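Since the structure is predicted, the reported quantities are computational estimates derived from the model, not experimental observations.
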Amino acid sequence: MRLPAQTDAVPDADSDTAPLRAVLWDMDGTLVDTEPYWIVAEGELVAAHGGTWSHEQAMRLVGQALPTSAGILQDAGVALDKREIIDRLTERVIEQLGEAVPWRPGAQELLASLSEEGVACGLVTMSERPMVEKILDQLPTGAFRAVVTGDAVTHGKPHPEPYLKGLARLTHEIDGLTPSECVAIEDSTPGASSAEAAGLTTIVVPSAVAVPPELGAAQWETLAGRTPADLARVLLARNSADFVGQARA
């Protein structure tokens, strides 16, 4: 499936506020529930180097850039350089994905609905390209108009660079696209911080760990049953609030 070059926006019938034209998705914990796979890979790697790996330690890595995670694993006793740690973790997660791809509830359905509505989607993940390709292979061709991976950025989440790059790539595909027409979907504090810092309306759907309520324009328990219109309503509310705030300043 290939989305058209010019997308049909999802407007709100009661407002002239910019409609929803693009959605930028996180992957791990948002599109797919791979956090348990990462935890297995981390635990095995630490154990192979004579250490122990607790659930609390694993939760510190959720949503982090892989070089940051590799540094934490070094502190836990893994006597490898960061590049080798990243490669070994990625290989192990890819191996587990070969057995099953654990989609998050409602994610595939919402992605398909956005495609049907003509809303462009981008993927912004800290996982590297080989693993991302494994996930993309399970989706319709062209499901994502832009893909930003962890090995394509200098600064990972929570830095805004990943989402700024994703937005720039979508803007290249969609004439006149602005941040006020976009929503980001995230599950972690580093991810939501990155998207918010990039100026995007962010919907948080926590997965492995709770996210502070002040992060994101909305927090949903699940994507199951959610529609493009639901995303558009959050975008409208955020844009309207920003407009009111600016008017009062």
Roughly how far, to the nearest 0.5 Å, is the [atom2] atom of [Y] from the [atom1] atom of [X]?
X	Y	atom1	atom2	value
Thr149	Leu123	OG1	CG	9.0 Å
Glu128	Asp87	CD	CG	7.0 Å
Glu35	Asp33	CD	CG	7.5 Å
Thr125	Leu31	OG1	CG	9.0 Å
Arg21	Leu235	CZ	CG	12.0 Å
Ile86	Asp81	CD1	CG	9.0 Å

Do the non-hydrogen side-chain atoms of [X] and [Y] ever get within less than 4.5 Å of each other?
X	Y	answer
Val153	Lys165	yes
Thr227	Ser113	no
Val124	Lys157	yes
Leu24	Ile185	no
Val183	Trp25	no

Tell me whether [Y] is reachable from [X] by hopping between hydrophobic residues (I, L, V, M, F, W, Y) whose side-chain heavy atoms are closer than 4.5 Å.
X	Y	value
Ile135	Leu111	yes
Leu136	Val93	yes
Met59	Leu66	no
Val209	Val40	no
Leu139	Ile94	yes

Tell me the closest heavy-atom pair linking [X] and [Y], and the distance in Å.
X	Y	result
Gln219	Pro212	NE2-O, 3.2 Å
Pro228	Leu20	O-CD2, 3.7 Å
Ser180	Asn239	O-ND2, 2.9 Å
Asp230	Arg233	OD1-NH2, 2.6 Å
Gln96	Tyr37	NE2-O, 3.0 Å
Ile174	Ala120	CD1-CB, 3.3 Å

Checklist entry - Does CD belonging to Glu221 count more than 12 external heavy atoms closer than 6.0 Å? => result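 12 or below, so no.
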
Item to check | Arg83 CZ: over 12 foreign heavy atoms closer than 6.0 Å | outcome: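 Counting other residues, nucleotides and ligands, CZ of Arg83 exceeds 12 neighbours.
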
For a quick check under 3.5 Å, do [X] and [Y] share a side-chain donor-acceptor pair by atom type?
X	Y	result
Thr34	Asp28	yes
Glu196	Thr202	yes
Gln57	Ser54	yes

Checklist entry - Just one of Cys182, Pro160, Ser194 clears the side chain to side chain contact (heavy atoms under 4.5 Å, CB included) bar with Leu200, so which one? => result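 Among Cys182, Pro160, Ser194, the one meeting side chain to side chain contact (heavy atoms under 4.5 Å, CB included) with Leu200 is Cys182.
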
Checklist entry - Which residue, Thr90, Leu61, Val62, forms the side chain to side chain contact (heavy atoms under 4.5 Å, CB included) with Trp38? => result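 Exactly one option meets the side chain to side chain contact (heavy atoms under 4.5 Å, CB included) with Trp38, and it is Thr90.
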
Item to check | Full working for side-chain contact (heavy atoms from CB on, under 4.5 Å) between Met131 and Leu97 | outcome: CA-CA 9 Å; Met131 177 180 159; Leu97 285 170; 3.9 Å; yes

State plainly whether the residues [X] and [Y] are in salt-bridge range, i.e. N to O under 4.0 Å.
X	Y	result
Arg169	Glu173	no
Arg129	Glu133	yes
Glu42	Arg92	no

Checklist entry - Is a side-chain donor or acceptor of Glu161 paired with a backbone partner of Gly156 at a separation under 3.5 angstrom? => result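 No, Glu161 side chain to Gly156 backbone: no donor-acceptor pair under 3.5 Å.
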
Next on the checklist: Taking Val205's backbone N and O only, do any of them form a donor-acceptor pair with Glu186's side chain (distance below 3.5 Å, no angle check)?
Outcome noted: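 Side chain of Glu186 to backbone of Val205, a donor-acceptor pair under 3.5 Å: no, none is there.
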
Checklist entry - Yes or no on side-chain contact (heavy atoms from CB on, under 4.5 Å) for Leu223 and Arg104, after CA distance, side-chain angles and deciding distance? => result CA-CA 8 Å; Leu223 291 177; Arg104 290 284 290 157; 5.7 Å; no

Next on the checklist: Evaluate Val234 against Trp220 for side-chain contact (heavy atoms from CB on, under 4.5 Å), listing each step before the verdict.
Outcome noted: CA-CA 11 Å; Val234 174; Trp220 293 347; 3.7 Å; yes

Item to check | All pairs passing ring-ring contact (aromatic ring centres under 6.0 Å, His included) where residues 158-203 contributes a residue, at least two apart | outcome: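 Every pair satisfying ring-ring contact (aromatic ring centres under 6.0 Å, His included) with a residue in residues 158-203: His155-His159.
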
Checklist entry - For Arg88 and Glu44, what are the C-alpha separation, side-chain angles and deciding distance, and is it a salt bridge (Lys or Arg N to Asp or Glu O under 4.0 Å)? => result CA-CA 10 Å; Arg88 292 198 181 188; Glu44 291 175 351; over 6 Å; no

Checklist entry - For Val211, which fellow cluster members are found when Ile, Leu, Val, Met, Phe, Trp and Tyr are connected by side-chain heavy-atom distances below 4.5 angstrom, either directly or through intermediates? => result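 Grouped by the 4.5 Å side-chain rule, Val204, Leu215 form the rest of the cluster around Val211.
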
Item to check | Leu110 and Val23: CA distance, side-chain angles, deciding distance, side-chain contact (heavy atoms from CB on, under 4.5 Å) verdict | outcome: CA-CA 11 Å; Leu110 180 56; Val23 176; over 6 Å; no

Item to check | With sequence neighbours excluded, residues passing ring-ring contact (aromatic ring centres under 6.0 Å, His included) with His49 | outcome: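 If we apply the ring-ring contact (aromatic ring centres under 6.0 Å, His included) test to His49, skipping adjacent residues, there are no hits.
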
